[in-house]
Amino acid sequence: MSSSEDDIPIVQRSKRILDDSEDDVPISQLPSSVKKKVKRETDDSVSLNHPKSKSSNGTSKSSSNGNIKTPKKERTKKTPSDKKKPNKSLQVKSEDKPTKQEEDEEETEETYKWWEEQEDRDGEIKWDSLVHNGVLFPPEYEPLPSHVKLYYNGTPVNLPQEAEEVAGFFGALVETDHGKNPVFQSNFFKDFQQVLKECGGCNVEIEKFEHLDFSKMYAHFEQLKEDKKKMSKEEKREIKEDKERQEEPYRTCLLNGRKEKIGNFRIEPPGLFRGRGAHPKTGRLKRRVFPEDVTLNLSEGAPVPPPPEGHSWGDVKHDNTVTWLAMWKENIADSFKYVRFAQNSSVKGLSDFKKFETARNLKHHIESIRKDYTQSLKSELMQERQMATATYLIDIFALRAGGEKGDDEADTVGCCSLRYEHVTLRPPNTVIFDFLGKDSIRFYQEVEVDKQVFKNLKIFKKPPKQPGDDLFDRISPPLLNKKFQTYMKGLTAKVFRTYNASKTMQDQLDLIKNEGTVAEKVVRFNAANRTVAILCNHQRTVSKSHGNSVQKINDKLRELMWNKIRLKQMMLELDPKLKRKDPKYFAEIEDLSKEDIMVIQEKILERTKEQVAKKFERDNEKLKAESKDQLTANDLKERMQKVKELQAEFKIELASGKPEIKKSVTVEKLKSQVEQIEQRILNTQFQLKDKEDNSEVSLGTSKMNYIDPRLTVVFSKRFDVPIEKLFTKTLREKFTWAIESADKDWRF
DNA sequence: GGTATGACTTAGTATCCGGTAC
DNA sequence: GTACCGGATACTAAGTCATACC
């Protein structure tokens with residue numbers, strides 16, 4: 001690198017790789033060294049039919065043949081330059097920052113519709129050319145102000161910078177569940193002491209975690225949060241724009257000459273490992289990643305982005321059989337972390353499409369698979385019997401495969417790793433599953449199973465087996481998957497989950513009638529989604545505000561109920577004979593006791609008081625701003641008088657049991673008001689039920705990973721529900737291929 | 001056949017951000 | 001204008017599975 005280049009800030013230098021040198025140059029026109037001869041595998045190719053390839057009757061083939069088109073063609077080896085050159089509009093532009101509108105247009109123009117391509121896309125080669133600007137490193141550590149210290153036994157500790165950073169990681173978490181977890185504390189403390197030792201120690205001998213006092217650090221971080229909140233809009237905007245400017249070069253890359261988004265272009269910052277569940281390593285220090293730890297992957301001959309000043313890359317690879325752009329080794333589990341394409345990239349889209357097509361293909365085999373494993377449940381061979389039983393559990397209860405786990409990981413299980421204690425048998429054929437699955441999420445289900453499955457599980461638990469022993473001791477996920485491959489190409493344990501999730505969704509959607517408002521249809525769609533989420537055991541922790549908001553809705557319901565009763569009381573006041581005519585209609589008048597009513601009235605009064613007080617404050621602030629005379633305490637008293645009047649009315653009503661009737665009121669008018677309130681009650685109850693039902697169920701995971709997006713698109717089209725109501729912006733981008741390729745008649 | 005490795009998908013949670021009520 | 005709430009997004013941990021190697 002020339003010295004003049006050295007003077008250019010890293011951000012600008014790397015930006016130039018895409019912006020200057022390759023700007024407006026399609027990859028196919030790059031120097032020949034960039035182009036790479038590509039050998040494509042042609043076996044079992046998958047491609048999508050696109051709207052242009054209609055059958056003679058004008059309907060898309062996708063609805064009838066499942067979009068799979070696999071004529072094996074002998075293909076000659078292709079080089080990138082043989083491929084169709086991208087449109088001018090697809091080339092990366094960067095000079096003159098485009099306006100927001102231009103950006104949007106550009107976005108639309110640049111979207112590569114891979115699903116409209118005719119070519120086969122299977123095989124080992126994942127890309128023909130890949131050019132990118134490397135990765136974004138987290139900022140260097142900024143030392144704390146000198147007055148913010150860690151204390152040990154009351155003594156302020158002068159920590160070296162490296163150790164202060166680690167202490168700060170903990171300091172920020174002291175009040176969280178992690179910070180209070182003894183394993184987290186102990187792991188942190190060991191690593192903290194190690195770092196301290198590495199950088200030469202400090203003024204105090206630190207021996208016990210219990211003597212550490214992080215309160216000053218914690219207060220400092222809290223203050224920083226507060227300050228951030230208090231920043232003006234302008235300041236916040238500037239910071240955001242700065243951040244975006246810095247990230248810009250790393251957001252996208254050139255994949256086969258087309259601009260594509262990158263997902264996690266940021267190297268993970270150092271911190272304390274937050275393992276889920278009872279993870280033995282939770283709290284360990286995740287060390288800072290340096291360029292020397294990072295391997296880049298890009299086209300041979302493509303310009304290698306310069307590493308940050310004074311550093312060099314660990315390695316630079318040119319492997320087009322993988323889809324990562326950069327990787328590094330992390331120090332907790334000693335595994336790799338990858339920088340990959342974004343969810344809406346062609347690479348991810350194609351992979352998603354293939355996943356759903358494989359799952360969809362299972363429908364042609366599922367019947368014979370079920371027949372086969374039902375037979376094998378009675379096999380003489382223990383291994384076969386275990387295989388059949390495990391397949392049954394994976395198919396029917398959507399269990400994961402359940403690979404072996406080490407002692408240095410959380411103790412979680414799936415099907416093959418189920419142990420004696422995870423399954424309880426209750427004759428004649430009830431099985432109680434109780435175990436921690438992925439992410440230490442509890443799987444608890446009491447289910448009735450096939451009689452032979454029950455028998456088998458009983459055999460698998462027979463002595464000398466005891467708690468701690470594997471239920472399925474003769475099989476493993478690789479063995480299961482090997483067997484699955486004999487049923488169908490590409491079939492593995494996880495495909496059953498995708499298949500059953502999408503099949504369930506389709507069945508549920510089929511039950512929905514095309515009636516009601518859009519909002520009602522969305523609620524029904526979500527209910528179908530929820531069935532799938534429950535099948536897959538997708539949970540979430542109840543939000544902190546959940547109890548509060550449920551309480552609010554319940555209060556609202558009681559208030560509505562009271563109002564309805566009052567209206568009915570008024571009706572009887574106007575025409576007492578009504579009660580004899582329709583006793584059922586008026587029966588609910590007795591539903592609320594005097595105490596109930598008092599509580600409701602108090603809540604209303606309280607709320608009204610608060611409203612008046614707040615309005616008073618606001619008005620005063622307004623007057624102050626206009627330099628006018630302030631409202632006085634007397635004014636407030638006057639305003640509060642109205643609340644007092646209301647209170648008096650309530651009191652009279654409570655004593656007499658008769659609400660005040662206005663002159664113009666008629667029985668008919670009251671009846672219509674009752675109907676209105678009843679509708680509101682129904683809506684509110686519906687809203688409450690939805691909230692309760694969803695409080696512990698996470699719908700997003702199944703929508704994102706398991707439900708074929710084309711099902712959602714079909715629902716949207718058939719039921720006239722805008723796709724925006726069913727997919728967020730991110731999901732619409734991720735599933736553009738589905739939105740543009742599935743028609744009304746598509747079936748999973 | 002078992003284990004290690006590497007590359008990918010799936011997953012829950014933390015944080016951001018925009019709408020709404022006041 | 002602000003505080004609050006909830007949905008959307010970002011982050012990264014934790015799975016699955018193919019392949020290589022012995």
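From a predicted model like this one, the values you see are computed outputs, not experimental measurements. Proteins come first, then strands; the chains are lettered A, B, ... in the order of their sequence lines, and each starts at number 1.
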**From dT9(C), dA7(B), dC17(C), nucleotide with atom closest to T728(A) side chain** = dT9(C)

**Message:** Measuring to OP1 and OP2 of dC8(B), would you say a side-chain N or O of R340(A) lies under 4.0 angstrom away?
**Reply:** yes

**Request:** Can you see which heavy atom on L699(A) is nearest to which on N526(A), and at what distance?
**Result:** CD1-O, 4.0 Å

**Complete:** With sequence neighbours left out, the residues meeting ring pair (Phe, Tyr, Trp, His ring centres under 6.0 Å) with F727(A) are F735(A)

**Message:** Over all strands shown, is A410(A) touching base, sugar-phosphate only, or nothing at heavy-atom distances under 4.0 angstrom?
**Reply:** nothing

**Asked** Of all the choices, dT12(C), dT9(C), dC17(C), which nucleotide is nearest to the side chain of P269(A) once you look at every atom?
**Response** dT12(C)

**Asked** Counting only distance, no hydrogens or angles, is the base of dT10(B) paired donor-acceptor with the side chain of K438(A) under 3.5 Å?
**Response** yes

**Message:** For the residue pair T412(A) / K405(A), report whether a side-chain donor-acceptor contact shorter than 3.5 Å exists.
**Reply:** yes

**Prompt:** Is the shortest distance from a Lys or Arg side-chain nitrogen in K286(A) or D191(A) to a carboxylate oxygen in the other one below 4.0 Å?
**Reply:** no

**Request:** From the options dT9(B), dT12(C), dA11(B), select the nucleotide whose nearest atom is closest to the side chain of R400(A).
**Result:** dA11(B)

**Item:** Nucleotide of dC16(B), dC8(B), dA14(C) approaching W324(A) most closely (side-chain heavy atoms)
**Value:** dC8(B)

**Prompt:** Between dG6(B), dA7(B), dC16(B), which nucleotide gets closest to the side-chain atoms of K228(A)?
**Reply:** dC16(B)

**Asked** Among the nucleotides dT9(B), dT12(C), dC17(C), which one has an atom lying closest to any side-chain atom of K348(A)?
**Response** dT9(B)

**Prompt:** What closest approach, in Å, do S440(A) and R276(A) show between heavy atoms, and which atom pair accounts for it?
**Reply:** OG-O, 3.8 Å

**Message:** So which atom in Y250(A) and which in V135(A) form the shortest heavy-atom distance, rounded to 0.1 Å?
**Reply:** CE2-O, 3.4 Å

**Request:** Please list residues of residues 521-540 of chain A whose heavy atoms come under 4.0 Å from any atom in DNA chain C, ordered by number; otherwise none.
**Result:** none

**Asked** Between dT12(C), dT16(C), dA11(B), which nucleotide gets closest to the side-chain atoms of N705(A)?
**Response** dA11(B)

